[in-house]
Amino acid sequence: MTTPQNHSFTTQIVHADRLGGAEQGAIHKPIHTSVQYGYEKVEDLIAVFQGTAKGGFNYARQGTPTTAALEAKITQMERGHGSIVFSTGMAGICAVFLTLLKAGDHLVASQFVFGNTNSVFGTLADLGIEVTTVDVTDAANVAAALRPNTRMVFVETIANPGTQIPDLEGIGALCQQRGVLYVVDNTVASPYLFRAATVGAGLVVNSLTKSIGGQGDALGGVITDTGLYDWSGYPNIFAAYRKGDAKGWGLQQLRKKGLRDMGGTLSSHAAHQLALGAETLSLRMDRTSATALALAQWLEAHPAVSRVLYPMLPSHPQHAFARKHLKAGSWLLSFELRNPDQCLAVCNRLQLPIKATGLADTRTLIIPVAHTIFWEAGSAVRATMGIADSMIRLSVGLEEVEDLLADFEQALAGA
Ligand SMILES: *Cc1c(COP(=O)(O)O)cnc(C)c1O
């Protein structure tokens with residue numbers, strides 16, 4: 001019998017539950033709602049607590065068979081060492097920072113990150129963790145920011161909303177050379193378009209709410225250990241977790257501190273919904289990427305549009321990297337108008353795109369960036385992130401491309 005690893009991306013996902021050990025013949029992983037897990041012999045319970053049992057559950061705050069099945073699927077997608085799911089992407093990101101960094105440590109991060117992640121940097125600074133944000137499109141800026149106490153470098157593969165792509169390979173080589181943990185938020189690209197392990201990432205973060213879940217109906221997050229980072233050299237692993245194979249140390253600490261202690265746990269119900277979404281990840285990414293590219297090309301040729309930000313356009317600053325490493329450009333597309341005063345009117349004239357925040361829903365979503373998601377950040381931060389006052393962000397959905405093009409045609413006619 002062939003192993004799931006021999007199959008391609010979507011084949012693996014849709015057969016993972018069955019091949020992972022079907023319960024009662026169920027071809028979907030059942031939704032396990034039990035909080036407590038009981039054992040015939042107390043020795044078996046002790047083995048779960050002491051980590052000597054393979055697998056095993058004790059209390060659902062640290063996971064259930066349903067969340068474990070989703071973790072296994074994500075690990076397979078990333079071809080990693082293991083994964084932990086969280087209640088939201090932000091819970092996963094905070095677990096990475098708060099369980100692996102401590103006061104006196106230094107974090108180098110991209111200046112082009114999700115707004116809420118940027119807000120967490122302020123919290124870290126208050127806790128005594130220094131954060132330096134740099135333009136990560138050039139690895140030299142990261143190299144210049146590294147200090148003896150730098151523990152981690154954090155970047156996003158395709159930054160939201162500006163679509164900047166870091167020098168992912170250069171930063172990976174640098175981190176490996178210096179023994180620094182390289183964390184890549186791969187939410188927009190998803191493991192279908194890009195595997196961060198190929199550029200040397202030690203940990204990969206995905207908001208399951210976005211590409212992987214893809215229906216806009218459940219929140220979730222996941223951290224995957226690629227198996228590339230040598231945890232035996234990481235100074236912040238607690239003595240209790242420095243046991244057994246060092247490959248498991250990072251995830252062990254993340255699960256014990258991030259889930260057991262901090263409690264950002266994903267429910268089995270949400271895990272089931274996200275797992276259903278994950279089955280169609282490749283279909284949705286292919287479809288939305290093709291539509292987004294067509295829309296990007298059309299917008300770039302329109303006289304009312306001054307700039308279009310999309311990795312698969314030759315005008316994109318990191319187009320060469322995108323062509324080489326990304327399977328497609330994703331659903332994320334931003335553009336700016338020649339006349340900034342038309343920004344809100346154009347949004348209002350559009351009939352199909354829904355005026356809402358959020359990303360990677362099946363419906364196209366649209367939002368004026370400076371007025372909403374980056375309002376709190378202020379104009380100085382917006383300037384460093386390359387966010388113009390007229391920037392409009394699109395999350396392209398599953399609608400037919402001709403319907404979207406016709407809608408944009410009428411909406412931009414008067415602009
Ligand atoms: C949405 C998002 C997050 C946070 O995910 P939630 O599931 O909404 O908490 C993190 N990173 C990026 C790049 C995102 O787009």
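Residues: numbered from 1 along the sequence shown. Quick caveat: nothing in here was measured; it's all calculated off a predicted structure. Order of appearance sets the numbers: ligands from 1, and atoms from 1 within every ligand.
- Gln342 and Arg349 share a side-chain donor-acceptor pair at under 3.5 Å.
- The shortest side-chain heavy-atom distance between Ser268 and Thr64 falls under the 4.5 Å cut-off.
- Between the side chain of Gln12 and the backbone N or O of His7 there is at least one donor-acceptor pair closer than 3.5 Å.
- Considering backbone and side-chain N/O of Phe114, none are found under 3.5 Å from N/O of ligand 1.
- Of the protein's non-hydrogen atoms, the one nearest atom 15 (O) of ligand 1 is Lys210 NZ, 2.8 Å.
- Taking a cut-off of under 4.0 Å to the non-hydrogen atoms of Gly220, the atoms of ligand 1 that pass are 7 (O).
- In the model, Glu23 has a side-chain atom that pairs as donor or acceptor with a side-chain atom of His32 under 3.5 Å.
- Atom 7 (O) of ligand 1 has its closest protein heavy atom at Thr209 OG1, 2.6 Å.
- Contact annotation for Leu359 and ligand 1: only side-chain heavy atoms (C-beta onward) come within less than 4.0 Å of the ligand.
- At the top of the distance list for atom 9 (O) of ligand 1, counting protein heavy atoms only, stands Met90 N, 2.9 Å.
- Backbone and side-chain nitrogen or oxygen atoms of Ser207 are examined, and one is located within less than 3.5 angstrom of a nitrogen or oxygen of ligand 1.
- Considering backbone and side-chain N/O of Val188, none are found under 3.5 Å from N/O of ligand 1.
- Atom numbering of ligand 1 starts at 1 in the shown order; those under 4.0 Å from a heavy atom of Glu156 are 13 (C).
- The residue Leu208 has no part lying near ligand 1, judged by heavy-atom distances below 4.0 Å.
- Side-chain atoms of Arg195 and Asn186 form no donor-acceptor pair, as typed in the model, at a separation below 3.5 Å.
- Counting atoms of ligand 1 from 1 in the listed order, those under 4.0 Å from a heavy atom of Ile93 are 10 (C).
- Sequence neighbours left out, the pairs with a member in residues 92-121 that pass salt bridge (charged side-chain N to carboxylate O under 4.0 Å, His left out) are Asp105-Arg151.
- A cation-pi arrangement, defined by a distance under 6.0 Å to the six-membered ring centre and an angle within 45 degrees of its axis, is present between Lys257 and Phe238.
- From the protein, the heavy atom lying nearest to atom 13 (C) of ligand 1 is Asp185 OD2, 3.4 Å.
- Looking at Thr117 next to ligand 1, no N or O pair under 3.5 Å apart turns up.
- Residues Leu337 and Ile392 form a side-chain contact, since some pair of their non-hydrogen atoms from C-beta on lies under 4.5 Å apart.
- Remark: Tyr37 engages Phe57 in a ring pair (Phe, Tyr, Trp, His ring centres under 6.0 Å) (not counting sequence neighbours).
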